[in-house]
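By convention in this document, chain letters (A, B, ...) are assigned in the order of the sequence lines, proteins followed by strands, and residues within each chain are numbered from 1. Everything quoted here is computed from the prediction, not taken from an experiment. In what follows, every heavy atom counts, from backbone to side chain, and hydrogens, waters and symmetry copies are set aside.
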Protein chains: 2
Amino acid sequence: MDRLSLVFAALADPTRRAILARLADGEATVNQLAEPFPISLQAVSKHLKVLEQAGLITRGRDAQWRPCRLEAAPLRDISAWAEQYRRFWDERYDRLDDYLRTLQTGPTAEEK
Amino acid sequence: MDRLSLVFAALADPTRRAILARLADGEATVNQLAEPFPISLQAVSKHLKVLEQAGLITRGRDAQWRPCRLEAAPLRDISAWAEQYRRFWDERYDRLDDYLRTLQTGPTAEEK
DNA sequence: TCTCTATTCAACCAACCGGTTAATCAACCG
DNA sequence: CGGTTGATTAACCGGTTGGTTGAATAGAGA
């Protein structure tokens with residue numbers, strides 16, 4: 001599976017997005033990450049594996065703890081991907097688009 | 001399921017992202033959308049239903065055709081969601097962050 | 001060493017996903 | 001009307017997912 005699909009699939013789960021939100025406040029262990037959720041520690045461990053394979057987190061080693069750290073690069077990628085479509089939602093982009101079109105057609109007209 | 005999860009799940013499939021890319025060039029019928037893919041028309045129809053439920057497309061009616069149109073609002077939403085994490089990837093944002101911190105601590109120090 | 005804590009691995013299960021084929025619906029056209 | 005085209009629905013299938021419980025591994029500490 002391609003990288004982008006892995007990232008989108010990882011983000012499709014609310015629990016995993018909540019884990020990322022928590023990691024935005026700093027590193028955390030598996031137990032700390034699992035604490036807010038009404039699911040087993042093993043389930044959280046699986047979620048972390050999915051996030052890790054998507055490149056959204058990395059895991060270190062501190063004695064018997066495995067501190068998790070947020071990796072934002074894939075988020076930059078999906079943001080950039082979505083930005084491809086900005087012209088379909090951004091009015092100002094439309095006006096910029098018009099402006100660019102003017103620059104292109106204007107001089108051509110003057111060449112006549 | 002919450003809206004954001006639906007959108008991410010819809011985008012997790014490469015075929016569906018390709019369909020969106022095609023729709024960026026303008027409306028298209030189901031047959032036109034299905035043409036590039038080595039899968040059945042019914043499979044494409046299912047993909048379109050997923051995209052529609054995620055709010056990424058709308059479908060009109062023109063005789064026996066069902067023209068599909070791109071709806072970019074959910075893409076704006078996921079872009080905005082990802083932007084929450086910009087400070088974790090953008091160096092310039094870090095420097096802005098430092099600057100804002102300076103503005104905050106500076107005057108406070110002067111109040112002494 | 002034995003024990004406790006943190007975490008992962010393994011096996012299992014119900015539900016979902018992406019695909020198929022066959023049947024059905026909807027609208028035009030002769 | 002009957003036939004053709006465009007599209008959806010239904011039933012099915014194998015693989016994946018998100019959860020469970022139970023066993024296993026890794027390291028700290030008495």
J.: Say you draw a straight line from CG of A:Leu41 to NZ of A:Lys46; how long is it, rounded to the nearest 0.5 Å?
T.: 13.0 Å
J.: Can you give me the closest heavy-atom contact between B:Arg22 and B:Ala28, atom names plus distance?
T.: NH2-CB, 3.4 Å
J.: Whether the A:Thr58 and A:Glu52 side chains hold a donor-acceptor pair (N or O, under 3.5 Å, no angle test) is what I'd like checked.
T.: no
J.: Could you tell me the separation between the CD atom of B:Gln64 and the P atom of D:dG6, rounded to a whole number of Å?
T.: 7 Å
J.: Fit a plane to each ring of B:Phe8 and B:Trp81, take the angle between them on a 0 to 90° scale, and name the class: parallel (under 30°), tilted (30 to 60°) or perpendicular (over 60°).
T.: perpendicular
J.: Kindly give the heavy-atom pair with the smallest separation between A:Ala72 and B:Trp89, and that separation in Å.
T.: O-CE3, 3.8 Å
J.: Rounding to an integer number of Å, can you tell me how far B:Glu35 CD sits from D:dT5 P?
T.: 18 Å
J.: What is the separation between atom CZ on A:Arg66 and atom P on C:dC9, rounded to the nearest whole Å?
T.: 9 Å
J.: Has A:Ser40 got a side-chain N or O lying under 4.0 Å from the OP1 or OP2 atom of D:dT20?
T.: yes
J.: Between C:dT7, D:dA26, D:dG19, which nucleotide has the shortest distance from any of its atoms to the side chain of A:Arg61?
T.: D:dA26
J.: What pair of heavy atoms forms the shortest contact from B:Tyr85 to A:Ala24, and how long is it?
T.: CE2-CB, 4.0 Å
J.: Within the structure, does a side-chain N or O atom of B:Arg16 lie under 4.0 Å from either OP1 or OP2 of C:dG18?
T.: yes
J.: Tell me the interatomic distance from B:Leu6, atom CG, to C:dC16, atom P, rounded to whole angstroms.
T.: 13 Å
J.: With nearest nucleotides of DNA chain D determined for A:Ala9 and A:Asp62 from heavy-atom distances, which residue corresponds to the more 5′ nucleotide?
T.: A:Ala9
J.: Counting heavy atoms from C-beta on, name the nucleotide in D:dT20, D:dG27, C:dG19 closest to the side chain of A:Ala63.
T.: D:dG27
J.: Mind running a 4.0 Å heavy-atom check of residues 24-32 of chain B against DNA chain D and sending the residues that fall below it, in number order?
T.: B:Thr29, B:Val30, B:Asn31
J.: Taking 4.0 angstrom as the limit, do B:Asp2 and A:Arg17 come out as a salt bridge?
T.: yes
J.: Where along residues 41-53 of chain A does a heavy atom fall under 4.0 Å from DNA chain D?
T.: A:Gln42, A:Ala43, A:Lys46, A:His47
J.: Nearest whole angstrom, please: distance from the P of C:dC16 to the CG of A:Asp13.
T.: 14 Å
J.: For A:Pro67 and B:Trp65, find the nucleotide of DNA chain C closest to each by heavy atoms; which residue's nucleotide sits nearer the 5' end?
T.: A:Pro67
J.: Using side chain to side chain contact (heavy atoms under 4.5 Å, CB included) as the criterion, point out the one residue from B:Ile57, B:Leu6, B:Leu56 that pairs with B:Pro74.
T.: B:Leu56
J.: Looking only at the side chain of A:Arg59 (C-beta and beyond, no hydrogens), which of the listed nucleotides C:dT8, D:dG18, D:dG27 gets closest?
T.: C:dT8
J.: If every non-hydrogen atom of A:Pro67 is compared with every non-hydrogen atom of A:Glu27, which pair is closest and at what distance?
T.: CB-OE1, 3.5 Å
